[in-house]
Each structure stands twice: as structure tokens, then as C-alpha cells.
Chemist: 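The structure that follows is given in the form of C-alpha cells.
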Amino acid sequence: MANPLDVVILAAGKGVRMRSRIPKVLHPLAGLPLLEHVLSAASSLQPATTVVVVGPGGQAIREAFSNRRVTFVDQGEPLGTGHAVLAAREAVSAPLLVVLPGDVPLVPPQALQELVEFHLKNKFIVSFLSLELPEPGRYGRVVRQEGQVVRIVEANDASPAELAIREVNSGIFCLSNRPELWEALAGLSRGNAQGEYYLTDLVEKFAPGGGVGALPWSPAEDLLGVNDRLDLARLEGILQGRLARGLMQAGVSIPHPQAVYLSPKAKVGQDTVLWPHTYLWGETQVGEGCEIGPGTFLLDSHVAAGARVWFSVLEGAMVEEEARVGPYAHLRPGARIGRRARVGNFVEVKNAQLGEGVKAGHLAYIGDAEVGPHANIGAGAITCNYDGIRKHRTEIGAGAFIGTNAALVAPIRIGEGAYVAAGSVVTQDVPPYALALARPPQHIKPGWAKGRGESDG
Ligand code: UD1
Ligand code: MG
């Protein structure tokens, strides 16, 4: 049974060092907003309530996470991390609070679990995770006396001796929800270099009674914060390295792991090869024995076993077993490429199902369509699905042959086994096994060019 606790995520800060119009917690890491990573760590604790404290940029954050079971609290003018936790007071009621900075995205669930156990076992009022850094930079330093934590000093307020301390505050706290806690938060002072109410000042308040503990966590990489874009790039590198390692250990080949981008949600089957410059973004799933890339972008797409996709862009698409996609195909939402089908050079498919063994090798647009098994879509064939107001469907029967440069004006049905002659503009349904020829007849004027005389230029 999980501990009865609430989580408070701090996401109201101005994020000045990002130099961005976008709130810091919406900046993506492995394709997902920082806050998404923190929320998924938080959910591992099974909190009774998850509170997200937002500030001036809060509207965008609320919109991006509107479908979540979280309570948003407005901090107003963000006056520091202590002020932010105080803003969540009315929204929490469990006996324990876990405070997560919105900018520490790699925290593993296990670290949070261990912090909660450490806090309960020692009956602390305030406990936090610390990390050791060879270059502690702007992190708050953990000051200990005879091994006991006595305070956290922010880098801007620290003496040279304190700046030399390598044990720093992760910003992840566990707090006992008691009246003394809220009194202490309400009594914080802004008399520091940044003029802010520091959450970290709680440590000095409760340390004398033995109410404070710091749990050192390693690897330190797990608890790094994102304060500027260099930090963001560094964490991207760490996370991508971990995700690629995880897949390789599970039997996926990644010949050049530095050149592959993975979402933490991506799943890949055994014996699949991911070639360089490939992205498996969002909720992408790739089956066993596939070859993906080089140069391929998959967003929220599914690729089944034995398929090959290269130099292509897939968004919300589905590729069935042993199909071949690319080079230079664009599969948009609702595209479904059947077993052993082929979709090749400069073919775009949107909201269309291609049956088993369909071939669309070159330069085609198939939108809002159903294409039966083993149909052949010639180069330059287009489903004219849009009349400027509405979208219309095209149905192409099994084994039909759509000639080069045919325009199929939807709504339209091409029957099973029918032929559409090259260059036809087809506006009426074509019965099964019929030939539709809808182009001007060819005229031959023998010798016509000979009598034309000389041109001026
Ligand atoms: C904070 C800690 C520092 C720690 C570091 C770890 C304080 C005073 N300092 O510094 O000891 O080493 O994190 O990463 O706590 N926020 C609000 N409202 C505010 C201010 C901040 O919600 O008024 C949020 C921010 O959006 C951010 C988090 O709190 O997600 C931390 O704030 P930030 O300004 O990044 O603090 P650091 O300087 O990183
Ligand atoms: Mg920070």
C-alpha cells in the first residue's frame, strides 16, 4: 500500500536563464515537456493529489496538461520556492508532501521512494535528496556539522568556503504536513541575494531539533536540474544515452547511438536495427526484425515486424508486417500500410488504408481512401479528396490498376480489378474489371512541324 502523500510540483519560476517566451517546464526533453517527465516520476508514488504550482506563464502549462488528474495552483508573482510551496497549502491534505522542482526531470521513482522511507524512518519534518558534483555551479550547498545537515546555502549567498562544498541540494524535498511546517514557510524571510523566499531555509529552522535529513543519491546525473539551454542539451544527451543503452541491452541494434533520438515511451522489438538520424518520437512502437532509417522520423506510429522504413516521415501511421516504406514517403495520421505493401518515393498517404501487397511506388497522393489488396497506384496518381469545402472518400478495389497521372475525383469508387488509363481524370465510378479512359484522344497531324518555317528567336 502506498504512503498517503501529496506531490507538489514547482513550475511557476520565471526560468530567466532559459531566455525563452515558453515556460521552462514546457521545453521538451526527448520530445516530451520537462513537466511530463516530472509528472511521470510523481505518479510512481501514487499520490492522493498532485499539485502543479504555476505562475505568470501558467495558462500555457494548464492547456498543455489539461487532460491530467492534477490540481493547478496559481502562485501569482513567483517570489521563490518557499513561497511556491506555501501557495499549495489549501490544495494538500495528506500527512506527507513530496516537493518536486519542475526542472529536475530525470529523477528515478526509486529515489523518491527511498526519500519517503528515509523521512518516515527518521521521523523528520524536512528531508531532501542531495547529490555530489565535482563542479557544483549554482546549486545550493549542503552545510553539515559533524555529519549533521545544518543548512542549505544558495550559491549566491555562500562564502568561498561554502562554495567549495560539493554536496548540493537536488530541490526534491519530503515534508511533514504539520502546522509548524506552514508556520515556518509563512515566516521565511527574503533577506538574501535573490530577494526570494527560499524553501531551502526550512532546513536551518528545523535542523536544531534533529528534524532534518539529507539522503545522498547517486548517480548525481539523476538529479541534475535544467536552468538554461546548455543544461537542457546535457540532459538530452544523458537521457538519450540511457534510452539507447536500454534498447541495445534488450536486443536492438543501434550502430551509431549518438545519432538516434528516442522517446522514453518508444518501444522496439528484438533484432530491429535503428540507423542514424532516426527519431522514434512520442508513443512509437516498432516490432521485431525491422530496419528503420537512416533519416527517418516516426511520431506516434506503429511499425510491425519485418518492415523497412527509410528516409521517411511517419506521423500517427501504421505499417504492417514486412511492408516497405521509402525512401521519401510521408505517412500522415490515419495512414495504414498493409502487409508487404510498398510505398515509395514522394508518396503521401493520409487517412487511408492500403491493403496487403499494394504498390504505390512513386509520386502519388492517397488521402481519405481505402485501397484493396494488391492494387497498383501509378506514378503521379492523385486522389482529389478535397473540393475546397469538404473531404471525400475514394475506394479502390482489390487488384485495381490506377495508371500514371490519373486524377480520381472523390467521392469515387474504382471496382475490383478495374483499370484506369494513364492521364485520366475520373469523375464517375468504374465498375469491376472495366477500363476507364478519360482523357482527350490523341490527334496525329503527319508532317505538321515541317511546314512551320523559321522562328524569330
Ligand atoms: C533550486 C534550489 C537549490 C537547488 C536547485 C536544484 C532554492 C532556493 N534553491 O535552485 O538549492 O540546488 O534548485 O535544482 O530552492 N519555482 C516556482 N516558484 C518560484 C520560484 C521557483 O515555482 O517562485 C520553481 C521553478 O519553476 C523551478 C523550481 O521551482 O521549477 C526551482 O526554481 P529555480 O529557480 O530553478 O531554482 P534553482 O536556482 O535551480
Ligand atoms: Mg532550477
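Remember, it's 1-based here, ligands and their atoms both numbered in the order they're listed.
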Chemist: Name the closest protein heavy atom to atom 26 (O) of ligand 1, giving the residue it belongs to and the distance to 0.1 Å.
Modeler: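 Heavy-atom neighbour on the protein nearest atom 26 (O) of ligand 1: Gly13 N, 2.8 Å.
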Chemist: Closest non-hydrogen protein atom to atom 4 (C) of ligand 1, residue and atom name please, with distance?
Modeler: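 So the nearest neighbour among protein heavy atoms is Asn169 O, 3.2 Å.
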Chemist: Any idea which atoms of ligand 1 are less than 4.0 Å away from a heavy-atom of Asn227?
Modeler: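 In order of number, 35 (O), 39 (O).
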Chemist: Show the atoms of ligand 1 that are less than 4.0 angstrom away from any heavy atom in Gly140.
Modeler: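 Taking each heavy atom of Gly140 in turn, ligand 1 has 3 (C), 4 (C), 11 (O), 12 (O) under 4.0 Å.
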Chemist: His392 and side chain to side chain donor-acceptor pair (under 3.5 Å): which partner among Thr383, Asp387, Asp368?
Modeler: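 Of the listed options, the one satisfying the test is Asp387.
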Chemist: Could you work out, with side chain to side chain donor-acceptor pair (under 3.5 Å) as the rule, every residue matching Lys359, not counting sequence neighbours?
Modeler: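 None.
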Chemist: Which atoms of ligand 1 sit under 4.0 Å from any heavy atom of Ala11?
Modeler: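 Heavy-atom distances to Ala11 below 4.0 Å select 22 (O), 26 (O).
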Chemist: What I want to find out is whether Asp103 reaches Lys24 closely enough, with some N-O distance under 4.0 Å, to be called a salt bridge.
Modeler: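 Judged by the 4.0 Å cut-off on N to carboxylate O distance, Asp103 and Lys24 do form a salt bridge.
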Chemist: Using distance alone, determine whether Gly102 and ligand 1 share an N or O pair under 3.5 Å.
Modeler: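 Gly102 vs ligand 1: N/O contact under 3.5 Å present.
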Chemist: Is any NZ, NE, NH1 or NH2 atom of the basic residue among Arg68 and Glu36 found under 4.0 Å from an Asp or Glu carboxylate oxygen of the other?
Modeler: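 Salt bridge flag = yes for Glu36 with Arg68.
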Chemist: Report, in ascending order of atom number, the atoms of ligand 1 lying under 4.0 Å from any heavy atom of Tyr139.
Modeler: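 Atoms satisfying the 4.0 Å criterion: 6 (C), 12 (O), 14 (O).
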Chemist: Are any of the N/O atoms in Ala12 less than 3.5 Å from those in ligand 1?
Modeler: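 It does: an N or O of Ala12 is found under 3.5 Å from an N or O of ligand 1.
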Chemist: Anything under 30° is parallel, anything over 60° is perpendicular, the rest tilted; go ahead and classify Tyr279 against Tyr261.
Modeler: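 The arrangement is parallel - the two ring planes meet at less than 30°.
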Chemist: Measure the spacing between CG of Leu39 and CG of Leu100 and express it to the nearest 0.5 Å.
Modeler: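 Interatomic distance, Leu39 CG to Leu100 CG, rounded to 0.5 Å: 9.0 Å.
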Chemist: Write out the residue and atom name of the closest protein heavy atom to atom 35 (O) of ligand 1, then the distance separating them to 0.1 Å.
Modeler: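 Checking every protein heavy atom, the shortest distance to atom 35 (O) of ligand 1 gives Asp103 OD2, 2.8 Å.
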Chemist: Give every residue pair that meets the salt bridge (Lys or Arg N to Asp or Glu O under 4.0 Å) criterion with at least one member in residues 126-140, sequence neighbours excluded.
Modeler: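 Listed once each, the pairs would be none.
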Chemist: Quick one: which ligand 1 atoms are inside 4.0 Å of a heavy atom on Gln75?
Modeler: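 Listed by number with element, the hits are 17 (C), 18 (N), 19 (C), 22 (O), 23 (O).
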Chemist: Applying salt bridge (Lys or Arg N to Asp or Glu O under 4.0 Å), which residue pairs with at least one partner in residues 274-287 are found, sequence neighbours left out?
Modeler: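 Applying salt bridge (Lys or Arg N to Asp or Glu O under 4.0 Å) to every pair that reaches into residues 274-287, excluding sequence neighbours, yields Lys265-Glu283.
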Chemist: Under 4.0 Å from ligand 1, counting heavy atoms only, is it the side chain of His83, its backbone, both or neither?
Modeler: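 Under 4.0 Å from ligand 1, His83 contributes no heavy atoms.
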Chemist: Looking only at atom types and distance, does a side-chain atom of Asn351 sit under 3.5 Å from a main-chain N or O of Gly334, one as donor and one as acceptor?
Modeler: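 Not a single qualifying donor-acceptor pair exists.
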Chemist: Please identify which atoms of ligand 1 are closer than 4.0 Å to at least one heavy atom of Thr200.
Modeler: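 Near Thr200, the atoms of ligand 1 are 7 (C), 8 (C), 11 (O), 15 (O).
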Chemist: Please list the nearest protein heavy atom to atom 7 (C) of ligand 1 with its residue and the distance rounded to 0.1 Å.
Modeler: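 For atom 7 (C) of ligand 1, the nearest protein heavy atom comes out as Thr81 OG1, 3.4 Å.
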Chemist: Among all the protein's non-hydrogen atoms, which is closest to atom 13 (O) of ligand 1, and how far away is it?
Modeler: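 Atom 13 (O) of ligand 1 sits closest to the protein heavy atom Gly171 CA, 4.6 Å.
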Chemist: Would you say the side chains of Glu291 and Trp275 form a donor-acceptor pair under 3.5 Å?
Modeler: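 There is such a pair (donor and acceptor under 3.5 Å, judged by atom type) between the side chains of Glu291 and Trp275.
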Chemist: Which residue is it: Phe128, Tyr198, Phe206? I am looking for the one with a ring pair (Phe, Tyr, Trp, His ring centres under 6.0 Å) to Phe173.
Modeler: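 Per the ring pair (Phe, Tyr, Trp, His ring centres under 6.0 Å) rule, the option paired with Phe173 is Phe128, out of Phe128, Tyr198, Phe206.
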Chemist: Does CZ in Arg234 sit with more than 12 non-hydrogen atoms of other residues, nucleotides or ligands closer than 6.0 Å?
Modeler: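 12 or below, so no.
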Chemist: Using a distance threshold of 2.8 Å, what protein N/O/S atoms lie below it relative to the Mg ion (ligand 2)?
Modeler: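 Only Asp103 OD2, Asn227 OD1 fall inside 2.8 Å of the Mg ion (ligand 2).
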Chemist: Do Arg339 and Glu320 sit within salt-bridge range, that is, some charged N less than 4.0 Å from a carboxylate O?
Modeler: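 Salt bridge between Arg339 and Glu320, a charged N being under 4.0 Å from a carboxylate O: no.
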Chemist: Could you find the nearest protein heavy atom to atom 23 (O) of ligand 1 and give me its residue, atom name and distance?
Modeler: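 The protein heavy atom lying closest is Gly80 N, 2.7 Å.
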Chemist: Can you confirm whether more than 12 heavy atoms, excluding those of Arg336, are under 6.0 Å from its CZ atom?
Modeler: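 Counting other residues, nucleotides and ligands, CZ of Arg336 stays at 12 neighbours or fewer.
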Chemist: Nearest non-hydrogen atom to atom 28 (C) of ligand 1 belongs to which of Gly76, Gly82, Pro101?
Modeler: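 Closest candidate by heavy-atom distance is Pro101.
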Chemist: Would you mind telling me if ligand 1 is within reach of the side chain of Leu79, the backbone, both or neither, using heavy atoms under 4.0 Å?
Modeler: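 Within the 4.0 Å criterion, Leu79 contacts ligand 1 through backbone atoms alone.
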Chemist: Taking only heavy atoms of Ser170, which atoms of ligand 1 are found under 4.0 Å from at least one of them?
Modeler: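 The list of qualifying atoms is 6 (C), 14 (O).
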Chemist: Using a 4.0 Å heavy-atom cut-off, which part of Arg138 comes near ligand 1: side chain, backbone, both, or neither?
Modeler: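 For Arg138, no heavy atom sits under 4.0 Å from ligand 1.
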Chemist: Is Asp222 paired with Arg242 through a side-chain N to carboxylate O contact shorter than 4.0 Å?
Modeler: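 Looking at Asp222 together with Arg242, the answer is yes, because their closest N to O distance falls below 4.0 Å.
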Chemist: Test of understanding: given a 4.0 Å heavy-atom threshold, classify the contact between Ala84 and ligand 1 as side chain, backbone, both, or neither.
Modeler: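 Under 4.0 Å from ligand 1, Ala84 contributes side-chain atoms alone.
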Chemist: Which protein heavy atom lies closest to atom 30 (O) of ligand 1, and at what distance to 0.1 Å?
Modeler: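 Nearest neighbour among protein heavy atoms for atom 30 (O) of ligand 1, to 0.1 Å: Leu10 O, 2.8 Å.
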Chemist: Considering only heavy atoms, does Arg17 approach ligand 1 within less than 4.0 Å through its side chain, its backbone, both, or neither?
Modeler: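 The answer is the side chain.
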Chemist: Taking the six-membered ring where the residue is Trp, are the ring centres of Phe118 and Phe124 under 6.0 Å apart?
Modeler: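 Yes, the ring centres sit under 6.0 Å apart.
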Chemist: Once you restrict to heavy atoms under 4.0 Å, what part of Lys24 touches ligand 1? Side chain, backbone, both or neither.
Modeler: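 Near ligand 1, Lys24 shows its side chain, while the N, CA, C and O stay back.
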Chemist: Could you tell me whether the side chain of His27 and the main chain of Leu232 form a donor-acceptor pair under 3.5 Å?
Modeler: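 It does not hold such a pair.
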Chemist: Within the structure, does Tyr198 bring an N/O atom to less than 3.5 angstrom of an N/O atom in ligand 1?
Modeler: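 N/O-N/O distance under 3.5 Å: no.
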Chemist: Is there side-chain contact between Asn385 and Thr394, with at least one heavy-atom pair below 4.5 Å?
Modeler: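 Side-chain contact under 4.5 Å: no.
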Chemist: Specify the protein heavy atom at minimum distance from atom 11 (O) of ligand 1: its residue, its atom name, and the distance to 0.1 Å.
Modeler: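 Here the nearest protein heavy atom works out to Glu154 OE2, 2.6 Å.
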